[in-house]
Amino acid sequence: MTRYPADALVSIYPFTRQSEGNEFIIGRVDTNIFLALPSDAIELLDYLAAGNTIGQAQRLYQQKYHELPDIEGLLEVLEENDFVNILSSKQIVLPTHTKQPKQTNHFTWISESFAKKIFSQKVLIGSILVIVLALAALVFQPGIMPGYQAFVFTKNVTMMTLILTGINVVAVFLHEMAHLVAAKAVGVSCQLRLSNRLWILVAETDMTGIWGVPRNQRYLPFLAGPLLDVVLTSVLLLILFAQQEKWVAINPIALQLIQAIVLSYLLGLIWQCYFFVRTDFYYVIANFFRCRSLMKDTKIFLQNQIFKLFKFSRIADQSSIPRGEMRVIRCYSVIYVLGHIAAFWSLLFIGIPTLWNYASLLLGTLSAGYESNPYAFTDALVMGLLVFGIQGLGIFLWINSLRHPKRS
């Protein structure tokens, strides 16, 4: 007996649809699940939504395309992702429960009209002017660009480290809020959360709903965070330029703190270029080349190459991926492999040895006890919590993601 009888009706939950080349992206905003379907599958959905039974929808499809559709395969995918509910011929009421939990979005009080004002054309032009002025200042005074010395505090080390950490936390929050507000400007609600990129702890904005808007409207939400970072960095560079020209006087401690913040922003922007993991620039590249699952498809492609090399039979079928997209996957696979090799090399030969040396120094100070040197003990305790707490949480999330991979 077939799982989907011909006389059964199908109730379809409300969904958005967005044309994307030869396919459509459909999505349920309440559960934040989006699927890419071919146009003929959308026609089948429309037949079913119009009140036709499964058998009637098959016949209508066959009359148009002169072949029977794989309607069972389509309904399995849709039912698994909670887009449809199969009804018997006597059922007319759609059950109220859903298998997928509804997403809890954050800062829903921010209106779309307000978000559009924040990212209006005037604001974007003003941002570009600030960036241009900062670049001009760098040309006239290259010395305002801070070096690694900005991170080397010689006085009040613990206090300065705590202040810089606090400022960086605020900067990360503002970065993610920029994504959220820019997404809201195109009608997409988002969720902020902690996550990881490999073993590195990161904050991220879940903008899954962005796939339900036209492709050219996705770039600003993807780039809003880095854009804000560049603008704020430009403002700080202009302040350093004014100090260099003796237009303003800045306390030496505050000056070093500003330089350290600029350096933190610059390192953050460099991090965004590591698009062998899911950074903001990765999503820009994937969107530009129309690759909705670039990383997932790349992992499958590389797995297939390994299986072919060792003559395994479990080769995943990627024949449905368009030829142009497959070329992008092949090119990206090189970046993906080299990037991961570099990342693991830095972890094994830089990250772990550095953490080991820090741990040895901190344990030596802590084992001496508070009474021997209260300041050194407190300093070691705070630094240990900062360094190993953040890194430890990142490693925990990474291991957890390996054990329980997210469904794509």
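All values below were derived from every heavy atom in this structure, side-chain atoms included, with hydrogens, water molecules and symmetry-related copies excluded. We number each residue from 1, following the sequence as shown.
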Ring pair (Phe, Tyr, Trp, His ring centres under 6.0 Å) between F281 and F275, worked out: CA-CA 6 Å; F281 294 164; F275 44 80; 8.0 Å; no

Stepwise side-chain hydrogen bond (donor to acceptor under 3.5 Å, both in side chains) check, E245 with Q141: CA-CA 9 Å; E245 294 293 317; Q141 286 284 2; 2.8 Å; yes

Residue pair T298, I335: steps toward the side-chain contact (heavy atoms from CB on, under 4.5 Å) verdict: CA-CA 10 Å; T298 299; I335 297 170; over 6 Å; no

Test log, rule side-chain contact (heavy atoms from CB on, under 4.5 Å), inputs D206 and C190: CA-CA 6 Å; D206 184 348; C190 303; 5.8 Å; no

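Contact check on R17 versus D46 returns a salt bridge, with a Lys/Arg side-chain nitrogen under 4.0 Å from an Asp/Glu carboxylate oxygen.
Of the possible donor and acceptor atoms, one in the side chain of S111 sits under 3.5 Å from a partner among the backbone N and O of F114. Under the 3.5 Å distance criterion, the side-chain polar atoms of Q391 are matched with a main-chain donor or acceptor of W199. Judged by distance alone, with hydrogens and angles left aside, the side-chain atoms of E325 form no donor-acceptor pair with the main-chain N or O of F289 at under 3.5 Å. Judged by distance alone, with hydrogens and angles left aside, the side-chain atoms of S120 form no donor-acceptor pair with the main-chain N or O of K116 at under 3.5 Å. Judged purely by atom type and a 3.5 angstrom limit, R218 uses its side chain to pair as donor or acceptor with the backbone of V213.
With rounding to the nearest 0.5 Å, the separation of OH in Y61 from CG in L74 is 10.0 Å. With values rounded to the nearest 0.5 angstrom, R314 atom CZ is found 7.5 Å from F312 atom CZ. Taken to the nearest 0.5 Å, the CD atom of Q149 stands 9.0 Å off from the CD atom of Q259.
For K299, there are no salt bridge (charged side-chain N to carboxylate O under 4.0 Å, His left out) partners, not counting sequence neighbours. With sequence neighbours excluded, no residue forms a salt bridge (charged side-chain N to carboxylate O under 4.0 Å, His left out) with D40.
Annotation: side chain of T279 is not in contact with side chain of C273 (no heavy-atom distance under 4.5 Å).
Remark: R278 fails to qualify as a cation-pi partner of Y283 under the 6.0 Å distance and 45° angle criteria applied to the six-membered ring.
Each of Y274, W345, F276 was compared with H340 under the ring pair (Phe, Tyr, Trp, His ring centres under 6.0 Å) criterion, and only F276 meets it. Of the candidates I144, V235, L236, V262 forms a side-chain contact (heavy atoms from CB on, under 4.5 Å) with just one, namely L236.
Ring-plane geometry between Y282 and Y332 is classed as tilted, the angle between the planes lying from 30 to 60 degrees on a 0 to 90 degree scale.
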